[in-house]
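It should be emphasised that the depicted structure is a prediction, and the values quoted were computed from it without experimental measurement.
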Amino acid sequence: MNLEKKLSSSTNILFKRPKVTGAVISLLLITLILYIANQRYQMVKDDQRLEMNRVLNVVRYNVDQSLKNSYTAALTLGLTISGDGKPRDFELVAEQLIQSNPNLQAVELVPDGVIKYIYPLKGNEAALNINVFKLSKEISLEAKKAVEHRKMYFAGPMKLKQGGVGIVGRMPLFFDNKFWGFSAVVIKLDIFLKEAGVREVAKGRYAFQLSKINPATGMEEFFMPKIQTTPDAVKESVTFSDGNWKLYMMSIPSYKPYIKIILPTIFAIFLAGLSGFLVSLVFKRPAELEQLVHVQASRLLENELKFKTIFDQAAIGIMEVDSNTGDLLHVNSRLCKILGYSAEELESKRFQMLSHPDDLDNGLNYFERMENGEISEFELLKRYLHQDGTVVWANLVITPLWHPGTKPTSHIAIVEDVTEKIEAERIAVEYRQRIESLINTIDGIVWEANPFTFEFAFVSEKSKDILGYSSEEWLASPTFWLDHIHPEDREYRLHYCYSFADKLEQHDFEYRMIAKDGRIVWLRDIVNVVISQGKVVMLRGIMIDISRNKQAEKDLNHSFDLVNEQNKRLLNFSYIVSHNLRSHTSNIQSIAALIESASSNEERNEMVALLKTVSNSLNETLLNLNKVVNIQTNINVIVEPLELREYINRTLDVLQDQIVLKKARIINRVSEEVLVNYNPAYLESILLNFIFNAIRYSHPERSPIIELSCAMESQLVLKIKDNGIGMDLEKHGAELFGMYKTFNGNADSRGVGLFISKNQIDAMGGKVTVESEFGTGTTFTIFFK
């Protein structure tokens with residue numbers, strides 16, 4: 001009663017002094033408004049920070065796109081390099097890249113770090129033949145960093161040799177795991193910043209600053225005009241790892257966000273004063289206030305009825321749970337349907353009795369955090385037990401009904417039945433695993449790839465059996481396939497793939513790839529083009545290992561070539577035997593007939609001596625033919641690496657007396673590093689024959705000069721050049737390497753040496769050619785296999 005009297009007394013005082021009451025309420029409202037204005041000011045600052053973050057995100061995206069375009073351009077330019085390390089169609093590809101990437105000032109190829117190719121050349125002449133490893137320390141370090149990490153790195157901003165300030169992206173290129181050089185792109189700094197959108201932010205609000213840590217000094221360098229800011233200025237930054245840059249964005253003093261809240265605050269203060277005035281009027285009319293309270297109570301009751309209706313008819317399960325005991329206080333009909341119980345049965349149970357035994361402890365940690373006020377609510381996936389014993393999967397959301405900092409009372413649990421969704425996901429996983437298992441049993445690498453970039457999206461595990469690489473290793477690099485194609489097949493196959501990328505038909509081609517253990521694997525790639533809405537969206541295919549077939553084909557071709565070669569040699573040998581032995585046997589028959597018809601012993605003895613001469617000639621012919629047979633039938637000649645210069649020196653030592661006698665000058669230009677895989681006896685015989693012939697057939701009016709040189713053309717080549725008497729190749733060229741073919745009239749010429757040497761060279765898989773001019777000299781060129 002005393003409390004009621006005190007409240008009644010206070011109410012009467014308010015009614016008796018409405019102006020004081022209005023003034024107090026106005027003061028309280030103004031205080032609240034100032035507090036809200038301060039919070040609004042902080043929100044404006046936060047909005048400013050969010051706006052700056054959005055702008056920086058746009059700038060980051062623009063920079064990433066620009067760098068990706070530059071990466072694609074550098075990669076495309078690198079693909080112009082063929083297996084011999086020379087670019088193909090550099091000007092054409094570079095022109096297309098510049099046209100499709102307007103932000104590029106120039107593109108370059110930098111073999112061994114030296115700028116040898118640049119497009120467009122006009123205006124960029126000053127950059128030609130510059131070694132990037134010999135420029136300033138920071139430029140050299142950035143170039144070495146790209147090689148060390150084997151990834152594209154954007155150096156700069158830096159002063160360009162051709163003028164201006166720009167950024168240079170260098171992609172290191174490796175062939176057979178050996179550094180070849182860089183594929184580079186040059187971007188003007190102004191164009192780069194414009195493309196990023198740095199210049200498009202409204203003036204008078206924000207400013208930018210670009211910086212980078214100098215790799216040589218470790219100091220942060222800035223590349224844009226200095227920004228004047230205040231201590232409370234909002235600052236944000238973003239880092240770009242591809243160039244190790246940092247972009248700052250700051251608000252400038254002229255931008256005053258508090259202006260946005262001054263007018264609303266003044267208006268709110270006016271409303272506070274007006275509210276105080278109105279309150280004073282309200283207290284003058286208690287009956288109206290009492291009526292208003294009654295209306296509000298009616299609305300509260302109406303809202304409670306609406307809540308109860310929503311609670312009971314909700315499409316998801318809802319229950320109110322005692323947070324201390326776990327008893328269910330209220331449940332709705334949907335929860336009863338999900339768990340198979342009536343409302344009375346559920347309200348007689350505890351929350352823990354409905355959970356699956358394995359999920360009882362699931363979420364306890366979250367509940368403790370919610371009790372401690374660390375989180376306002378939590379969500380988790382758990383299992384419940386239906387009345388019939390089946391498992392019900394549910395998505396559970398727990399929301400507390402107590403105020404933060406007070407003792408827990410009860411909480412609301414929202415239960416969404418997701419059993420069908422979980423089952424569908426399980427079936428999908430099983431189906432995917434079954435498909436992947438089936439794909440991995442196929443005897444070939446099943447794959448999917450982008451039809452334009454050839455970046456693979458799927459590779460079956462059969463890749464590990466065929467190439468030694470797992471699918472994870474394959475997919476880790478977007479250029480894995482290109483990097484592991486055999487260098488001799490890469491350019492042709494890439495051109496072939498680009499040619500069929502937009503053709504709606506199946507393709508079938510063969511090429512070689514390098515396996516993880518270094519093996520060369522022949523693959524047959526059967527490619528299907530996947531079409532969606534009339535456009536090519538994907539390439540799908542299977543790579544089949546045909547290495548054994550290729551080896552069998554190679555062995556068969558080798559056997560066929562060997563048989564053909566043996567047949568040619570047999571025909572040639574039969575011709576030699578029939579031609580040369582016939583002449584000797586004819587001579588013997590003729591001499592034998594003369595011996596029988598000789599009229600005196602002196603004549604007979606003369607015929608016998610002649611017969612011995614013919615017999616010796618026949619024996620020599622048989623010995624020569626035996627040498628030829630040994631060379632042509634020996635298919636397992638022992639081969640080992642030999643120092644070519646050493647064997648030349650041995651030959652010169654053997655012919656030293658002839659060199660001195662003829663006053664010959666020998667010029668040996670063959671390097672000591674040159675090695676040939678050859679049979680030692682054959683190499684000695686070949687060098688001896690060619691060098692001895694060069695000395696023997698020297699010009700009578702000048703001292704012989706014999707020059708030996710070695711070069712790598714399509715294969716290793718040895719040239720033996722002399723200034724001897726030479727020969728008429730139009731007259732004798734066809735018979736030059738024939739047996740017993742002589743052209744100079746020397747009494748000691750037998751026409752066997754060149755024939756034997758050519759057979760030895762042919763037996764080793766090489767060939768020999770000759771260039772000669774009568775009276776000038778001769779050059780023999782020996783091609784080693």
Side-chain angles (χ1 to χ4, degrees), residues 72 75-76 78-79 83 175-177 427-557:
T72 303
L75 177 60
T76 304
L79 294 177
F175 297 99
D176 296 330
N177 208 27
I427 294 173
V429 170
E430 290 181 356
Y431 179 76
R432 185 176 68 252
Q433 291 175 345
R434 191 180 303 114
I435 293 298
E436 290 180 357
S437 176
L438 178 62
I439 288 174
N440 290 329
T441 61
I442 297 175
D443 192 16
I445 304 172
V446 180
W447 58 268
E448 290 182 345
N450 185 292
F452 306 105
T453 64
F454 305 114
E455 181 176 351
F456 282 69
F458 172 79
V459 177
S460 68
E461 283 298 329
K462 200 67 177 179
S463 168
K464 192 165 187 178
D465 297 334
I466 295 177
L467 296 173
Y469 291 99
S470 65
S471 59
E472 291 80 9
E473 291 176 294
W474 188 305
L475 298 176
S477 171
T479 60
F480 180 92
W481 181 66
L482 294 175
D483 294 339
H484 290 78
I485 294 179
H486 193 283
E488 295 178 3
D489 295 349
R490 185 176 297 132
E491 182 179 1
Y492 170 72
R493 293 310 169 197
L494 188 61
H495 176 73
Y496 180 80
C497 290
Y498 275 122
S499 67
F500 76 65
D502 57 348
K503 295 180 180 177
L504 312 182
E505 58 187 36
Q506 186 185 75
H507 301 274
D508 189 341
F509 60 106
E510 299 174 357
Y511 55 91
R512 292 167 291 176
M513 289 191 71
I514 308 300
K516 193 171 187 178
D517 58 6
R519 293 179 297 109
I520 297 177
V521 180
W522 271 98
L523 296 175
R524 178 188 177 192
D525 208 343
I526 304 173
V527 185
N528 288 296
V529 180
V530 180
I531 310 300
S532 177
Q533 297 180 354
K535 294 182 180 180
V536 178
V537 295
M538 184 183 295
L539 298 180
R540 182 180 293 133
I542 180 171
M543 302 174 185
I544 302 172
D545 185 358
I546 58 171
S547 299
R548 292 184 179 179
N549 297 346
K550 283 292 182 179
Q551 186 60 41
E553 181 182 340
K554 181 179 178 181
D555 294 342
L556 182 61
N557 290 333

Got a second to check how far [X]'s [atom1] is from [Y]'s [atom2], nearest 0.5 Å?
X: D489; Y: R512; atom1: CG; atom2: CZ; result: 4.0 Å
X: I466; Y: E461; atom1: CD1; atom2: CD; result: 12.0 Å
X: N549; Y: L556; atom1: CG; atom2: CG; result: 12.0 Å
X: D483; Y: I514; atom1: CG; atom2: CD1; result: 11.5 Å

_Counting neighbours of CG on D176 that are heavy atoms of other residues, nucleotides or ligands and sit closer than 6.0 Å, is the number greater than 12?_
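No, the 6.0 Å shell around CG holds no more than 12 heavy atoms from other groups.
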
*Look at atom NZ of K464 and say whether more than 12 heavy atoms of other residues, nucleotides or ligands are closer to it than 6.0 Å.*
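Counting neighbours around NZ of K464, 12 or fewer heavy atoms of other residues, nucleotides or ligands fall under 6.0 Å, so no.
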
*Which atoms form the tightest heavy-atom contact between S471 and S460, and what is the distance?*
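Closest approach of S471 to S460: CB-O, 4.4 Å.
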
Measure the shortest side-chain to side-chain distance between [X] and [Y] over non-hydrogen atoms and say whether it is less than 4.5 angstrom.
X: K516; Y: E473; result: yes
X: I445; Y: I542; result: no
X: F458; Y: M538; result: no
X: M513; Y: L467; result: yes
X: W522; Y: E510; result: yes

*asked:* Would W474 and Y469 count as a ring-ring contact (aromatic ring centres under 6.0 Å, His included) here? Give the steps.
replied: CA-CA 7 Å; W474 188 305; Y469 291 99; 7.8 Å; no

*R540 and E448 ion-paired at < 4.0 Å*: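 Yes, R540 and E448 are salt-bridged.
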
*In a check of side chain to side chain contact (heavy atoms under 4.5 Å, CB included) between L475 and each of F456, F480, W447, which one passes?*
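Exactly one option meets the side chain to side chain contact (heavy atoms under 4.5 Å, CB included) with L475, and it is F456.
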
*So, does R524 use its side chain to make a donor-acceptor pair with the main chain of D508 at under 3.5 Å?*
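The answer is no, because no donor-acceptor pair under 3.5 Å joins these two groups.
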
